[in-house]
Amino acid sequence: MSGKVSGVKGMNDLLPPDSSVWQHVEQTVRELFARFGYQEVRTPVVEDTALFVRSVGEATDIVGKEMYTFEDKGGRSLSLRPEGTAPAARAYIEHAVANQEPVTRWFYMGPMFRYERMKTGRYRQFHQIGAEAYGASEAAQDVELMDMVVQLLEALELKDISLNLNSLGDETCRPAYQEQLVAYLQAHRDELCADCQARLERNPLRVLDCKNERCQAVVAASPDIQTFLCEPCRAHFDEVKRKLDLLGIHYVVNPRMVRGLDYYTRTAFEFIASHPALGTASTVGGGGRYDRLVKQLGGPDVPAVGVALGLERLCLLLASEAGRYAAPPDLFVAFADAAAAEQGFVLVSRLRKAGLRVEFDPRGGSLKSQMKRADRTHARYALVLGENELASGKGQLKPMQGGEPIPVALDEVAAALVTR
RNA sequence: GCGACCAUAGCUCAAUUGGUUAGAGCACUGGACUGUGACUCCAGGGGUUACCGGUUCAACUCCGGUUGGUCGCCCCA
């Protein structure tokens, strides 16, 4: 399209009626998360590049090759946020929130940016719903978060989403495991794919969830992290599982599940959907515990656990419902002549002030065309204003789904509609 | 970053192996029905066939490039 402007690749517009699906999800989130005591935090879309390098990890794909990084006019290296946990932790530290309350529960919703090749459910600007809980190292906190996600999925009536669970250990036990794992993988180096051979040096844990068949065969006989967990990590993991059982939440322990961010310790989990609309983008959400991150970023030694959900992916699962959430007007007012348009304009304003959803056609036009518009908007009722109505002060509420018109005094329209 | 496929009206798709003026359904506007939507019928508006170049008497059709989209690898939300 020469001469025409177009949007940036991988960054999408959201138009009605699709936007109503998003609003439904967002509204459900706000209501449910409030029940769990999570309050909204909003941080800038741009952060100091170093924040992500130090938290997400230099060796990760996200930081290594997916960030939108640029220099501002002051020569600072800034990046569009690729995820929400690090910015939230930064705000938590910067405002010394730990000094004001022992436990902090935050949620956020907003755009994230990663420069990636696009496919179904994956975009360069995408939106995450995240929740973070600071200050509690207990398993109950991990499970509360998972419970909240499970309840959200239920509220959205999403089915067939399974919870995968793993423990990645901590700084006490993970090094020993990693050492054993690397030793084992080195011994089988030539059986691994090229990518995994590179991972061996940079990020050995990632070899575990390589999809390559030959790598899987190697991994199948690799040391199991579960057997390496130190006593505190084992106890924590057991407690997480026990409390999930207590709440009747089903989960699958997957010792191969490794998340793509470096800051996770102990609990890691993923919500995975088996739905054709998502293609191979089956993860709708994931999270875990990051007990070292706050301190690592220069804050106090505060444990934390968090989760992030992909808004686009949730909406893809709801896509067949598009339009179902858009609220139609209660009333459409049509005008038969100029005098009616004048007085009707005032009536419409009054009805809206009274809390009703009311529409009219500002262009006027034939009654017929106005009624057509009334039909198209799916208004519940239509009211025609003309000489007769203005003279008598009475009109007829016409049910657009069919049925007998309801006689009503013009100054009682609001009252009549509220009760219907 | 690698590989495969695709691109025609706002949407979903046609257009006889290259051949007059690129069509239909839906949507939009108006009319049949001069104060009443839907169903029916009639009419109308809407296209540089994604863009740029090439082959040819002739290109929506064939070739190359660009851009965008889809799918897999990778990765993740």
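Throughout, protein chains are lettered first and strands after them, A, B, ... in sequence-line order, and every chain is numbered starting at 1.
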Can you tell whether the side chains of Arg42(A) and Glu40(A) come within less than 4.0 Å, N to carboxylate O? yes

According to a 3.5 Å limit on both distances, what stems of 3 or more consecutive Watson-Crick or G-U pairs are formed with RNA chain B? B:1-7 with B:67-73, B:10-13 with B:23-26, B:28-32 with B:40-44, B:50-54 with B:62-66

Tell me what Gly287(A) touches on the nucleic acid: a base, only sugar-phosphate, or nothing, going by heavy atoms under 4.0 Å. nothing

How many Å lie between CE on Met11(A) and C1' on rG68(B), as a whole number? 15 Å

Between Glu66(A) and Gly7(A), just flag the one whose closest nucleotide in RNA chain B comes earlier from the 5' side. Gly7(A)

Rounded C1' spacing from rG10(B) to rG45(B) in Å: 13 Å

Given atom CZ of Arg114(A) and atom C1' of rC74(B), what is their separation to the nearest angstrom? 14 Å

Pairwise C1' distance, rC11(B) and rG69(B) [rounded to whole Å]: 16 Å

Please determine if Glu116(A) and Arg122(A) form a salt bridge, counting it only when a charged side-chain N lies under 4.0 Å from a carboxylate O. yes

Using whole Å, report how far NZ of Lys119(A) lies from P of rG3(B). 18 Å

If the P atom of rU12(B) is compared with that of rA27(B), how far apart are they to the nearest Å? 15 Å

5'-most by nearest nucleotide on RNA chain B - Val8(A) or Leu309(A): Val8(A)

Between rG35(B) and Asp337(A), counting only base atoms on the nucleotide and side-chain atoms on the residue, is there a donor-acceptor pair under 3.5 Å? no

Students often get this wrong, so: under 4.0 angstrom with heavy atoms, is Arg373(A) touching a base, only sugar-phosphate, or nothing? sugar-phosphate

Quick one: label Gly285(A) by what it contacts on the DNA or RNA (base, sugar-phosphate, nothing), any heavy atom closer than 4.0 Å. sugar-phosphate

Between atom CZ in Arg117(A) and atom P in rG3(B), what is the gap in whole Å? 9 Å

Among the nucleotides rG35(B), rG3(B), rC74(B), which one has an atom lying closest to any side-chain atom of Val384(A)? rG35(B)

Can the ring centroids of Phe228(A) and Tyr177(A) be said to lie less than 6.0 angstrom from one another? yes

Cationic N near anionic O, under 4.0 Å, Lys243(A) to Glu239(A): yes

What integer number of Å spans the C1' atoms of rC52(B) and rG68(B)? 15 Å

Ranking rA77(B), rG30(B), rU70(B) by distance to the side chain of Arg122(A), first place goes to rA77(B)

Nucleotide nearest Met371(A) when distance is taken to its side chain, options rU36(B), rU70(B), rA77(B): rU36(B)

Length of the line joining His378(A):NE2 and rA27(B):P, which is rounded to integer Å: 11 Å

Could you give the CG-to-P distance, from Asn164(A) to rA77(B), as a whole number of Å? 14 Å

Rounding to an integer number of angstrom, what distance separates rA50(B) and rU16(B) when you compare their P atoms? 16 Å

Report the nucleotide, chosen from rG35(B), rA77(B), rC2(B), that has the shortest atom-to-atom distance to any side-chain atom of Glu387(A). rG35(B)

Would you mind classifying the nucleic acid contact of Glu312(A) as base, sugar-phosphate or nothing, using non-hydrogen atoms under 4.0 angstrom? nothing

When the distance from CG of Asp18(A) to C1' of rC11(B) is rounded to whole Å, what number comes out? 13 Å

Taking the P atom in each of rA58(B) and rG19(B), what is the distance between them to the nearest angstrom? 14 Å

Between protein and nucleotides 38-44 of chain B, what N or O pairs are separated by less than 3.5 Å?
| unit_1 | atom_1 | unit_2 | atom_2 | d |
| --- | --- | --- | --- | --- |
| rA38(B) | O4' | Asp375(A) | OD2 | 3.4 |

In plain terms, say whether Asp330(A) and Arg357(A) are close enough for a salt bridge, that is, a side-chain N and a carboxylate O under 4.0 Å apart. no

Could you check whether Asp48(A) pairs with Arg76(A) (Lys NZ or Arg NE/NH1/NH2 to Asp/Glu carboxylate O, under 4.0 Å)? no

Does the side chain of Val302(A) reach to within under 4.5 Å of the side chain of Tyr92(A), using non-hydrogen atoms? yes

Can you find a side chain N or O atom of Lys9(A) that sits less than 4.0 Å from OP1 or OP2 on rU67(B)? no

Any base atoms under 4.0 Å from Phe332(A), or only sugar-phosphate, or nothing? Heavy atoms, all strands. nothing

Expressed as a whole number of Å, how far does the C1' atom of rC13(B) sit from that of rG47(B)? 15 Å

Taking only the side-chain heavy atoms of Met118(A) (C-beta and beyond), determine which of rG35(B), rG69(B), rG1(B) contains the nearest atom. rG69(B)

Rounded to whole Å, the CG-P distance (Asn12(A) to rG69(B)) equals 8 Å

On the six-membered ring of Phe36(A), is Arg105(A) placed so that its NZ or CZ lies under 6.0 angstrom from the centre and within 45° of the ring axis? no

Considering residues at least two apart in sequence or located in another chain, which fulfil the ring-ring contact (aromatic ring centres under 6.0 Å, His included) criterion with His188(A)? Tyr184(A)

Residue Glu389(A), side-chain heavy atoms: nucleotide from rU36(B), rG1(B), rG69(B) that is nearest: rU36(B)

When every non-hydrogen atom of Leu297(A) is compared with those of Ala86(A), the smallest separation belongs to CD1-O, 4.5 Å

If you take atom types as modelled and just measure distance, does the side chain of Glu270(A) reach the base of rA77(B) with a donor-acceptor pair under 3.5 Å? no

Between NZ on residue Lys9(A) and CE on residue Met118(A), distance to nearest 0.5 Å: 6.5 Å

The side chain of Arg363(A) lies closest to which of these nucleotides: rU29(B), rC2(B), rG35(B)? rU29(B)

Regarding Arg114(A) and Glu83(A), does a basic nitrogen lie under 4.0 Å from an acidic carboxylate oxygen? no

Quote, to the nearest angstrom, the P distance that separates rC57(B) from rA15(B). 27 Å

